[in-house]
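Notes follow once the structure below has been shown.
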2 protein chains.
Amino acid sequence: MLVYRPSIGLKGSTFIMASIKDVASLAGVHRSTVSRIINGEGQFRSDTKRKVEQAMAELNYRPSAIARSLATASSNMTGLLVTYYTGGFFGAMMDQVQAELDLHNKFLITAQGHHSAEGEREAIRRFHALRCEGYVLNSRHLSDNELRELAQEPTPFVLLDRTVEGLESRCITFDHTQAGVMAVNHLLGQGHKKIACISGPLNRTNSRQRFQGYVNALAEAGIAFDPSLCAEGNYGRESGYVAAQQIYQAHPEITALFSCSEEMTGGALQFFHENKVAVPQQVSLISFDSIDLCASFYPTVSAVHFPISDMARLAVEVLISQIKHEEIELNRQFEPQLRIRNGDCCLSLGEG
Amino acid sequence: MLVYRPSIGLKGSTFIMASIKDVASLAGVHRSTVSRIINGEGQFRSDTKRKVEQAMAELNYRPSAIARSLATASSNMTGLLVTYYTGGFFGAMMDQVQAELDLHNKFLITAQGHHSAEGEREAIRRFHALRCEGYVLNSRHLSDNELRELAQEPTPFVLLDRTVEGLESRCITFDHTQAGVMAVNHLLGQGHKKIACISGPLNRTNSRQRFQGYVNALAEAGIAFDPSLCAEGNYGRESGYVAAQQIYQAHPEITALFSCSEEMTGGALQFFHENKVAVPQQVSLISFDSIDLCASFYPTVSAVHFPISDMARLAVEVLISQIKHEEIELNRQFEPQLRIRNGDCCLSLGEG
DNA sequence: GTGAAAGCGCTAACAG
DNA sequence: CTGTTAGCGCTTTCAC
């Protein structure tokens, strides 16, 4: 049942959701009594309770989270900033974030940064406007300094997959360099010496680190770094295709390739397939992955796993502890793990 | 700069975001003047404006969307219900929904239905609690009747990819049956006669329709329907693998396969690769797709395109027109389109 | 156990 | 052009 209200200050007349007042007057009690019953605070005569519940049911009453927010000065909302919604990567993050928030009965507000600092700022403005109690940032374009400044403001936030000096307790981190090393070491362990690399955009810290892992691993193995064995992609599928093409045409003698994202790996695979380059017999692949796309390629591709889902989950835990001012002790550092798949070339190449 | 307030009713003391009152008193004007300036209503002496803007800047003032909602009785929020966040499909929808909402300066609230009617109801409750002005439902588990009842309530909503009698103006639809027919006709046109089908879960309307398209197309071509050429998957990758296996082992003589989802197609391809079944030379494939996964398989796979992104975009347009009570005339019906890819087997099989 | 009253931050008539 | 007043729907002291 709906409440009809002659419009006050509104053009025409409208049906509006029942308010606590409507419930109160229908039940013949005061608003505050209804409020207490809803929130289960204190005790009430059982018939009062019954009357109120009946009135709520009859009016199909739903407390307004907005009014409640205003009255309690807590919005119960949490923000999540990501770069883009598309692609599956974000969905994985969001899934975990929502699951954790559901446990705490909090609302989720999402926003996209669209690959620009201004986009990310805009998203944060939105969180502030909504008076989010806190937010999780998967920020790639705000400077360390800007983030440190932001940390001066009262709203808590957590940085997902980022390291900022001075904000350690807010950072959920992953060692991309070490992950790169592990990936390349896996290839080295198989005897590969001519190892190419498709990196992500080198203006991004994490991409640079992954690439650095490649460089470090080669150095440790005493293999000279050859820049012509490397190409820079943008993490997208197409760029992986182009990069593989560029590298392979210049160096058909490569026996292995390290690709810094699963999408680029897909592109590279396509290039190899189209050009009858046998994977992994002729060229072995290792990739980064986070949503296990590499398990669905043909052949399946081994990868160092970037556990964005787990990290997202933890980010929310940390954030909530900050909102509650309970400083919990949690390991905010995630370690890379190798996921060997059967498309891996397990033969040892010897000195070849 | 933050405002310090001795706590009133709160334990301890807290730093709180500046309110319109703080701005007003710092600028030496009344709250309502500040409000007008923020909203650009009417005109003001330039020095008043300057003082106020300066005060806002100094206090780092951000109007509270929540308080505003309460005062204007419009939350500016829009809900979006999907089944799951993971998998990329949802990201594509959300991307378009957000883009359209951004144009209208509205907030987006998302929720997952988790494959149950109760989950979907819970999501809608959340939208109501937040006083969303409207919401888009990609509902798969609420009955037509329940939706019709929901339509009695004052909050407008739009159904994405669903047809409910009596709610036509709220439905953004796609002809899954026709799409299925087109897919199979494409194979028939190539001369295939032994065509297998991996359907989605047959308890879902849309899956059933896609499958029906397969049945209809065969019937029209005068080819007898053989249930042992069909297997039911759950739209997931794994199920595609299993289904392909089941069908192929029983019927290695098939020359073509219609897969009702892109993920299942990926699974089927993996089975074929592992078992040295050449695609498309030995078995031609056609698939449904919506986020163009089929373009990234090897070989690429032709598909009937289910334009969920465009549909999502339109859903928001329709919703907003309903919120504004402007009944716009829009075609809410989307047509399937074939996307032929070069992995397609273009040879004619003749009578074989 | 329940009512009265004030207030959350903002907007919207109505004066002047 | 700007101040006054009331009110959005709810919670939260404080009385009784």
Side-chain angles (χ1 to χ4, degrees), chain A residues 3 5-11 14 16-52 55-56 59 61-76 128-131 133, chain B residues 3 5-11 14 16-52 55-56 59 61-76 128-131 133:
Chain A
V3 178
R5 301 223 187 100
S7 64
I8 305 167
L10 287 170
K11 294 134 196 117
T14 358
I16 298 189
M17 284 194 152
S19 83
I20 198 170
K21 234 172 175 169
D22 303 313
V23 175
S25 59
L26 181 58
V29 299
H30 192 93
R31 285 143 52 209
S32 49
T33 303
V34 177
S35 172
R36 287 188 200 101
I37 291 184
I38 293 172
N39 298 299
E41 285 173 0
Q43 346 197 36
F44 347 83
R45 293 213 328 255
S46 63
D47 68 323
T48 310
K49 189 171 175 183
R50 198 178 30 70
K51 277 189 307 183
V52 168
M56 294 200 294
L59 294 171
Y61 171 70
R62 309 250 157 249
S64 159
I66 292 187
R68 207 176 246 178
S69 293
L70 199 57
T72 59
S74 74
S75 67
N76 246 314
H128 280 156
L130 252 12
R131 295 297 186 268
E133 301 173 303
Chain B
V3 179
R5 301 224 186 100
S7 64
I8 305 167
L10 285 170
K11 293 133 195 120
T14 357
I16 299 188
M17 284 196 152
S19 84
I20 198 171
K21 234 173 173 168
D22 302 313
V23 174
S25 60
L26 181 57
V29 298
H30 195 254
R31 285 144 52 210
S32 50
T33 303
V34 177
S35 172
R36 286 187 203 103
I37 291 185
I38 294 172
N39 297 300
E41 285 173 359
Q43 345 199 35
F44 343 85
R45 289 207 338 248
S46 64
D47 66 324
T48 310
K49 188 170 178 187
R50 198 179 28 71
K51 276 190 308 186
V52 168
M56 293 200 295
L59 294 170
Y61 170 71
R62 308 248 156 254
S64 159
I66 292 186
R68 208 176 247 178
S69 294
L70 200 57
T72 59
S74 76
S75 67
N76 246 313
H128 281 157
L130 251 13
R131 294 296 185 270
E133 301 173 303

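Convention: sequence-line order gives letters A, B, ...; per-chain numbering from 1.
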(Q) Would you say B/Thr48 places a side-chain N or O within less than 4.0 Å of OP1 or OP2 belonging to D/dT2? (A) yes
Q: Using whole Å, report how far NZ of B/Lys21 lies from P of C/dA6.
A: 14 Å
Q: Give the minimum heavy-atom separation between B/Ile20 and B/Tyr61, together with the two atoms involved.
A: N-CE1, 3.5 Å
Q: Would you kindly compare B/Phe44 and A/Asn39 by the position of their nearest DNA chain D nucleotide and give the one closer to the 5′ end?
A: B/Phe44
Q | Approximate separation, where rounding is to 0.5 Å, of B/Asn76 CG and B/Arg131 CZ | A | 15.5 Å
Q. How long is the gap from CE on B/Met56 to NZ on B/Lys51, to the nearest 0.5 Å?
A. 13.5 Å
Q. Roughly how many Å is it from CD1 in A/Ile66 to P in C/dG7, rounded to a whole number?
A. 23 Å
Q | Donor-acceptor contact present, side-chain B/Asn39 to main-chain B/Arg36, <3.5 Å | A | no
Q: Let me know, please, whether B/Ala67 or B/Glu41 comes out on the 5' side of the other along DNA chain C by nearest nucleotide.
A: B/Ala67
Q. In whole Å, what is the span from the CG atom of A/Asn76 to the P atom of D/dC10?
A. 15 Å
Q) In terms of side-chain heavy atoms of A/Arg45, which of D/dC8, C/dT2, D/dC10 is nearest? A) C/dT2
Q. Rounded to the Å, how far apart are A/Leu70 CG and C/dG7 P?
A. 14 Å
Q) Once you round it to whole Å, what is the distance between P of D/dC1 and NZ of B/Lys49? A) 12 Å
Q.
In this structure, how many angstroms lie between the C1' atom of D/dC8 and the CG atom of A/Asp22, rounded?
A. 13 Å
Q. Quick one: which of C/dC10, D/dG9, C/dG3 gets closest to the side chain of A/His30?
A. C/dG3
**Q.** Positions of residues 31-38 of chain B (non-hydrogen atom under 4.0 Å from DNA chain D), listed by number
**A.** B/Arg31, B/Ser32, B/Thr33, B/Arg36
**Q.** Any A/Arg68 side-chain N or O less than 4.0 Å from OP1/OP2 of D/dT11
**A.** yes
Q) Between the side chain of B/Ser69 and the main-chain N/O of B/Ala65, is any donor-acceptor distance below 3.5 Å? A) yes
Q. Just how far, in rounded Å, is C1' of D/dG9 from CG of A/Leu59?
A. 15 Å
Q: Calculate the interatomic distance between A/Asp47 atom CG and C/dG1 atom C1'; express it in whole Å.
A: 11 Å
Q.
Rounded to the nearest 0.5 Å, what separates atom OG in B/Ser35 from atom CZ in B/Arg68?
A. 7.5 Å
Q. For the side chain of A/Thr33 and the backbone of A/Val29, is there at least one donor-acceptor N/O pair under 3.5 Å apart?
A. no
